[in-house]
Every structure is written in structure tokens, then in C-alpha cells.
S.K.: 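Got a structure for you, questions after.
Throughout, a chain's letter reflects where its sequence line sits, starting with A, and its residues are numbered from 1.
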Number of protein chains: 2
Amino acid sequence: MNKELQTLIDLFLKILHLYSVINKKPKDYGTGDLLYFTEIHTITMVGKNKKINVTRLAEVMGVTKGAISQTIKKLVSKNLILKTNLRNRKEVNLKLSEKGRLVYKGQKSFQKDIFTFAAALYKRGTPEQRDLVRRLFIEIVANMQMRVKVQESAG
Amino acid sequence: MNKELQTLIDLFLKILHLYSVINKKPKDYGTGDLLYFTEIHTITMVGKNKKINVTRLAEVMGVTKGAISQTIKKLVSKNLILKTNLRNRKEVNLKLSEKGRLVYKGQKSFQKDIFTFAAALYKRGTPEQRDLVRRLFIEIVANMQMRVKVQESAG
DNA sequence: GTAATTTTGTTTAGCATCTAAACAAATATA
DNA sequence: TATATTTGTTTAGATGCTAAACAAAATTAC
């Protein structure tokens, strides 16, 4: 069993690594912009969170406000993200432009693609089998989130 | 079911993101060196693959030879990795120093820690439940590896 | 056996991304 | 109103990567 478990952990670590390799190459989702993963990820997060601001985006993405500010500046200049609520120079509200939504949709379908075959496998499983998968993922997320919090309070 | 599946994919993407957040902070595994993830990952790969060389390491890690060469240079200067087979200036064989092995062990136990609770959950599952988990991971790895290969041959 | 080719590793310049810190501007609190 | 807090921006410097030019060694072709 321990060997089986180690193999499984190795598989999981391999997935984590492969995902970063896949996302290293910049992509064009049909807008004419070659976008790096950080840019795409930022667009994804803005698309997912209505009217988010820089500070909250930094929290959600686990980086500093400065990093977000720089990325947003670039994406605004590329007309992928819009700053609304500009009568007020503080508390900027971010939203996607039409072009930004195209990237958002492209990335979503890319993610769906990656998991298409795994999803089919999952669907064919019994309710009991699916239950363990779900609980494992929830447990791993909970553990990792705890670690991030500990890191934040320590650093 | 589709909502359940989307939730699961979101959980998985969250894991991928949290892992990168966790690994962003440099760590000291008791050698006095504050090491960044790239350095730790490189040490891990050298530890896992006996007498590996720069070219193979680049393939395994999905980066260019130049990148590996730079990282190795730094790790050799920190006395974490050793270059053997130096009578021959080509085909360098890499291995961990005593200090490097300490980092290797530290990282291994860190990875084990992350999955401790999930592993306990997995162990309590039935053989049928575990079977789906295994097959899902294998499927995801296969799909991602295929994508990396396609990317390589295309780019 | 020598010449041409391939393989392997290194260096360089330049780019993307991040942090920390200093800062400016707006808001909230005393 | 004065002070403190919150929010966003800018800057300098660091890591890590690529592409390309290069050097050195090994392999292949003739």
C-alpha cells in the first residue's frame, strides 16, 4: 500500500509540474495578443470576480498589490481589462473588455479540454467512487490553504 | 452532474494554483541556504535520477539546456550539487552533495506532509474507490504529457 | 585517418514576473 | 479638523526563463 501511495503522490506531483510546463508558452485566444500565463490567469480572476479591485485580486492570486498593479496596467493598455469607477481614484473596479471576455472564454474551454477524458472517466464511476475523489480534493485544498495562511502570518 | 464536475475541476485548478503559491517562498531545509523552488526542484530531480546530465535534466524538467546550465552553476557554487566525470568536459554527470541530500530529504518530507491527511483518507477507501482515483490521475498525466509533446513538436 | 556533422554544455542579452519599499491619494476614525 | 488607515502606483533589484551564438567533444562519413 505504501508503494501504491508513493506512486500516486508522484503522479500528483507530475501533474502539478506538467501544468506549469503547459502554461509556460504564451497563447493567443483569437484576440491578436500573445498572452503569458500570468496575464491569462489575471484575466480569468477578473472574469470570475465581478467588480474586484487591486487589493482583493492580490489576495485571491497570492501576490503583492504591486505585482497586480503592474499586470493590470499592461492589460489595460492592451485593452483586455477596463478600470471603471474612475471618478474615484481609489478603489478602482476592474472588469473585462469584450476582448478580455474572449480570452476568458478561451481559457475556460482550454481548461475543460484538459479534463475532458478524466471527466468521462469520473462520470462512469459509481457514486461511492466519486465520493472519495471529491473528498480527496477538498482535503488537499484545505491543507494547502492552511499552509498558505500559516505562511502569510509567519512572513 | 455537470455542476458537480465543474466544482471538481475548480477544486483541481485551485490545488494547482495553491501549490505554486506555497512554493513561491524560498525555504531553508537546514543547510543555511535560502532556496527558491527552481533550485529545490532541480535538486529533487538530480536526486531522483542517478548520474543525470544537463541535456536530460532539461528534458525532464521541460526547460532549455541554458536554463539548467545556469541553475546548476549556482547550485554547484553553493555546494549543493557536484559535477563528476570532469576528465571529460562534455557529458557532465551530476549528483547531490551531502548538503544537497539534506535538501532532497527535506523537500521529500515536505511533500509527504502536504498529502498526509489525503493519504489517510485514501487508505480508508475501498479498493474500488481507490481504483478510480488512480485511473483519474493516470489519465490526467497522460493527457498533459500529450499536450507537452504536441507543444514541443509544434513550437 | 581526416573532415564534416552532431551532441553537449556554457554564456550572453533581453524579457516576464515578482517583491519590498517608498510614495501619493482618498477614506475613515479620533 | 487632525491623524490613521486603506488603496493603488512606481521604482529598483532579483529570479528564472528563452533564443542564439559559441566552444568543445564525440560520432559519422568518406
S.K.: Mind checking side-chain contact (heavy atoms from CB on, under 4.5 Å) for B:L18 and listing every partner two or more places apart, or none if nothing turns up?
M.R.: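 With sequence neighbours excluded, B:L18 shows a side-chain contact (heavy atoms from CB on, under 4.5 Å) to A:V141, A:M144, A:Q145, A:V148, B:K14, given in chain and number order.
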S.K.: Could you give the angle between the helix axes at the two ends of the helix from C:dG1-D:dC30 to C:dA30-D:dT1, with five pairs per end, rounded to 10 degrees?
M.R.: 20°
S.K.: Which one, D:dT9, C:dT17, D:dC17, comes nearest to the side chain of A:S69?
M.R.: D:dT9
S.K.: Distance check needed: C:dT10 P versus B:L57 CG, whole Å only.
M.R.: 11 Å
S.K.: Determine which pairs satisfy ring pair (Phe, Tyr, Trp, His ring centres under 6.0 Å) with at least one residue from residues 24-78 of chain B, sequence neighbours left out, and list them in order.
M.R.: A:H17-B:H41, B:F37-B:H41
S.K.: Going by the rule salt bridge (charged side-chain N to carboxylate O under 4.0 Å, His left out), which residues pair with A:D131 if we only count those two or more places apart in sequence or in a different chain?
M.R.: A:R134, A:R135
S.K.: Between N or O atoms, less than 3.5 Å apart, protein on one side and nucleotides 11-14 of chain D on the other: list the pairs.
M.R.:
{"from": "D:dT11", "atom 1": "O4", "to": "A:Q70", "atom 2": "NE2", "distance (Å)": "3.0"}

S.K.: Determine which pairs satisfy side chain to side chain donor-acceptor pair (under 3.5 Å) with at least one residue from residues 45-71 of chain B, sequence neighbours left out, and list them in order.
M.R.: B:N53-B:E91
S.K.: Go through residues 37-55 of chain A and report each residue with a non-hydrogen atom lying under 4.0 Å from DNA chain C, sorted by number.
M.R.: A:T38
S.K.: How would you list all residue pairs meeting ring pair (Phe, Tyr, Trp, His ring centres under 6.0 Å) that involve residues 53-80 of chain A, not counting sequence neighbours?
M.R.: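 Output for this query is empty, none listed.
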S.K.: Go through the structure and list residues passing ring pair (Phe, Tyr, Trp, His ring centres under 6.0 Å) with B:Y122, not counting sequence neighbours.
M.R.: none
S.K.: Sequence neighbours excluded, which residues qualify as salt bridge (charged side-chain N to carboxylate O under 4.0 Å, His left out) partners of A:K99?
M.R.: A:D33
S.K.: List the residues meeting salt bridge (charged side-chain N to carboxylate O under 4.0 Å, His left out) with B:R130, not counting sequence neighbours, and say none if there are none.
M.R.: A:E4
S.K.: Calculate the interatomic distance between A:I72 atom CD1 and D:dG8 atom P; express it in whole Å.
M.R.: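 It works out to 10 Å between those atoms.
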S.K.: Run the salt bridge (charged side-chain N to carboxylate O under 4.0 Å, His left out) test against B:R101 and tell me which residues pass, sequence neighbours left out.
M.R.: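 Expected list: B:E98.
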S.K.: For B:K65 and D:dA24, give me the distance from atom NZ to atom P, rounded to whole Å.
M.R.: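 About 15 Å, once rounded to whole Å.
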